[in-house]
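To start, the structure under review is shown below, and the notes come after it.
Values in this document were obtained by computation on a predicted structure and should not be read as measured data. The figures here come from the full heavy-atom set of this structure, side chains too, leaving out hydrogens, waters and symmetry mates.
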There are 2 protein chains.
Amino acid sequence: MTQTPIDTSTEAPPGTPVRWLDAEQQVAWRALLTGTSVLFDALGRDLEHGAGLSLNEYEVLVRLSEAPGRVLRMSVLAEELVHSRSRLTHTISRMERAGLVSRCSSAQDGRGVDCMLTDAGRAQLEAAAPVHVASVRRRLVDVLTRDQLLALGAAFSQIDEEVRSHFG
Amino acid sequence: MTQTPIDTSTEAPPGTPVRWLDAEQQVAWRALLTGTSVLFDALGRDLEHGAGLSLNEYEVLVRLSEAPGRVLRMSVLAEELVHSRSRLTHTISRMERAGLVSRCSSAQDGRGVDCMLTDAGRAQLEAAAPVHVASVRRRLVDVLTRDQLLALGAAFSQIDEEVRSHFG
DNA sequence: CCTCATTACTACAACGTTCAACTACTCGTT
DNA sequence: AACGAGTAGTTGAACGTTGTAGTAATGAGG
């Protein structure tokens, strides 16, 4: 577990010393890696079984419900969800087929497409919300102290900022 | 995605005692949600561009390199990586085709299959490791204080433990 | 030594995501 | 007004993951 996978002496290319992680750092990083995987698996299962929605679909509904007029441009939605345009198009196509959202080309900009939350979509969201909130509490919020949760949020905000500052 | 109506007990009539998240909790949860997404996207990109491996494949190589004799049973590997058996079979099939691992049926238990790291796989891992460690440092470890990182690890350990205690 | 249950893995089909075109529209130039 | 550059969104193929069977080896009870 704390054993270095590779003999560092044979590893480092000459002239480029690699700053390996020490034991504590490695344990923390592994816990993060498997912990996020386990957490999101559980949240996804809970939501899927309890409300017939994937986490992605749920997030789409939430963002639309928060938007003025329950309408958002596809590009804005994609950016908020950190999804590719293509991915969002496919997701929205499925959700439109299911009657949760509807699309129409933007009046202001002929290139753009507005995505709107339908009444059925809003109903689905309202049914799903308590299930999802309970799940997030059970798996995450109620497992940690308030300070732990806020520290987690702060840490990921820093990480997010750093990544975006270096790319996209 | 089925049209099956939600059980009415999960439907929230006005006044149902749902313990919603307060503003701070919600901000933290959202930061975690998008932060992990942004982080793993970046780590995956870095590794893919720098060493031609996906994060999953890298993790497979790491686990095998740490195992005695560089051999692990498929089921053990699947459990360590928190992947379904099916998913691991596909991943290993691709990696075997690429020459990174090899499979042979276990001598001890005729039902089992042993997965072994090949020399080529080890070479690939040794080439990828410095790239990946640098990436993890840049995106995560060096962005946080040591205490922040350890706190993150501790929090996810707790979450992991909670989830597993309630399910599989 | 059958048989039935269990364990371990694979095969196939359905689904979601990514990548690389492609269409349609807008805006700044000339 | 017409061109070209840039932006917005869609499409389809390829790829990876998941879920549902299905096969093969093992082990316990009759």
Side-chain angles (χ1 to χ4, degrees), chain A residues 36-38 40-49 52-60 71-98 100-116 168, chain B residues 1-3 36-38 40-49 52-60 71-98 100-116 167-168:
Chain A
T36 51
S37 164
V38 165
F40 287 114
D41 270 18
L43 294 175
R45 258 200 323 271
D46 291 345
L47 188 57
E48 194 75 53
H49 292 177
L53 283 173
S54 72
L55 270 175
N56 281 340
E57 292 166 334
Y58 183 85
E59 279 304 306
V60 168
V71 172
L72 278 180
R73 284 283 285 277
M74 289 290 281
S75 53
V76 174
L77 199 45
E79 204 179 322
E80 283 193 15
L81 299 171
V82 199
H83 288 349
S84 69
R85 303 251 162 118
S86 175
R87 177 178 176 180
L88 184 65
T89 295
H90 288 300
T91 302
I92 295 297
S93 296
R94 286 188 296 270
M95 293 178 74
E96 191 174 36
R97 228 174 290 135
L100 302 177
V101 300
S102 66
R103 272 181 292 192
C104 58
S105 76
S106 167
Q108 294 83 24
D109 186 339
R111 295 169 298 182
V113 170
D114 283 337
C115 184
M116 194 178 66
Chain B
M1 279 293 242
T2 53
Q3 209 181 343
T36 50
S37 163
V38 164
F40 287 114
D41 270 18
L43 294 176
R45 258 201 323 272
D46 291 345
L47 189 56
E48 193 74 54
H49 291 178
L53 283 173
S54 73
L55 270 175
N56 282 340
E57 292 166 334
Y58 183 84
E59 278 305 307
V60 169
V71 172
L72 279 180
R73 285 284 281 278
M74 288 291 280
S75 54
V76 174
L77 199 45
E79 204 180 321
E80 284 193 15
L81 298 171
V82 199
H83 288 349
S84 69
R85 306 250 160 125
S86 180
R87 177 177 177 180
L88 185 65
T89 296
H90 287 299
T91 302
I92 294 298
S93 296
R94 286 188 295 273
M95 293 177 73
E96 191 174 36
R97 226 173 293 132
L100 302 177
V101 301
S102 65
R103 273 181 294 193
C104 58
S105 77
S106 167
Q108 295 82 22
D109 187 339
R111 296 171 296 183
V113 170
D114 283 338
C115 184
M116 192 178 69
F167 213 104

Residues A/Ser54 and A/Leu47: closest non-hydrogen pair is O-CD2, 3.7 Å
Residues two or more places apart in sequence or in another chain: which of them pass side-chain contact (heavy atoms from CB on, under 4.5 Å) with B/Glu96? B/Val101, B/Arg103
Is the shortest side-chain heavy-atom distance between A/Val113 and A/Ile92 below 4.5 Å? no
Side chain proximity check, A/Leu72 to A/Cys115, heavy atoms < 4.5 angstrom: no
Do B/Met116 and B/Cys104 have side chains that approach each other closer than 4.5 Å (heavy atoms only, starting at C-beta)? no
From the options D/dA8, D/dT10, C/dC9, select the nucleotide whose nearest atom is closest to the side chain of A/Ser75. D/dA8
Kindly give the heavy-atom pair with the smallest separation between A/Glu57 and A/Gly52, and that separation in Å. OE1-O, 4.5 Å
Heavy atoms of A/Asp114 and A/Arg73 approach each other most closely as OD1-CD, 3.1 Å
Rounded to whole Å, how long is the line connecting atom CZ of A/Arg97 with atom P of C/dA14? 15 Å
Please tell me if B/Arg94 has a side-chain N or O lying less than 4.0 Å from either OP1 or OP2 of D/dG16. yes
For nucleotides 2-4 of chain D, print each protein N/O atom paired with a nucleotide N/O atom at under 3.5 Å, atom names and distance only.
none

Most 5' of B/Glu57 and A/Val113 on DNA chain D, judged by nearest nucleotide: A/Val113
Please report, rounded to the nearest Å, how far the P atom of C/dA14 is from the CD atom of A/Glu48. 18 Å
D/dG9, OP1 or OP2 - any side-chain N/O from A/Arg73 closer than 4.0 Å? yes
Please tabulate the protein-to-nucleotide N/O contacts below 3.5 Å involving nucleotides 18-24 of chain D, giving atom names and distances.
unit_1	atom_1	unit_2	atom_2	d
D/dT18	O4	B/His90	NE2	3.2
D/dG19	O6	B/Ser86	OG	2.6

Rounded distance in Å - CG (B/Asn56) to C1' (C/dT17): 14 Å
Distance check needed: C/dT23 P versus A/Met74 CE, whole Å only. 19 Å
Using the side-chain heavy atoms of B/Thr91, tell me which of these nucleotides is nearest: C/dT17, D/dG9, D/dT17. D/dT17
Distance check needed: D/dT11 C1' versus A/Leu88 CG, whole Å only. 15 Å
Any idea which heavy atoms bring B/Tyr58 and B/Leu53 closest together, and the distance? CD1-CD1, 4.3 Å
Spacing between A/Arg103 atom CZ and D/dT11 atom C1', to the nearest angstrom: 12 Å
Can you measure B/Leu53 atom CG to D/dC15 atom C1' for me and round it to whole angstrom units? 17 Å
Side chain to side chain contact (heavy atoms under 4.5 Å, CB included) test vs B/Leu81 passes for just one of B/Val76, B/Val60, B/Thr91, namely B/Val60
Tell me the interatomic distance from A/Leu77, atom CG, to D/dG9, atom C1', rounded to whole angstroms. 13 Å
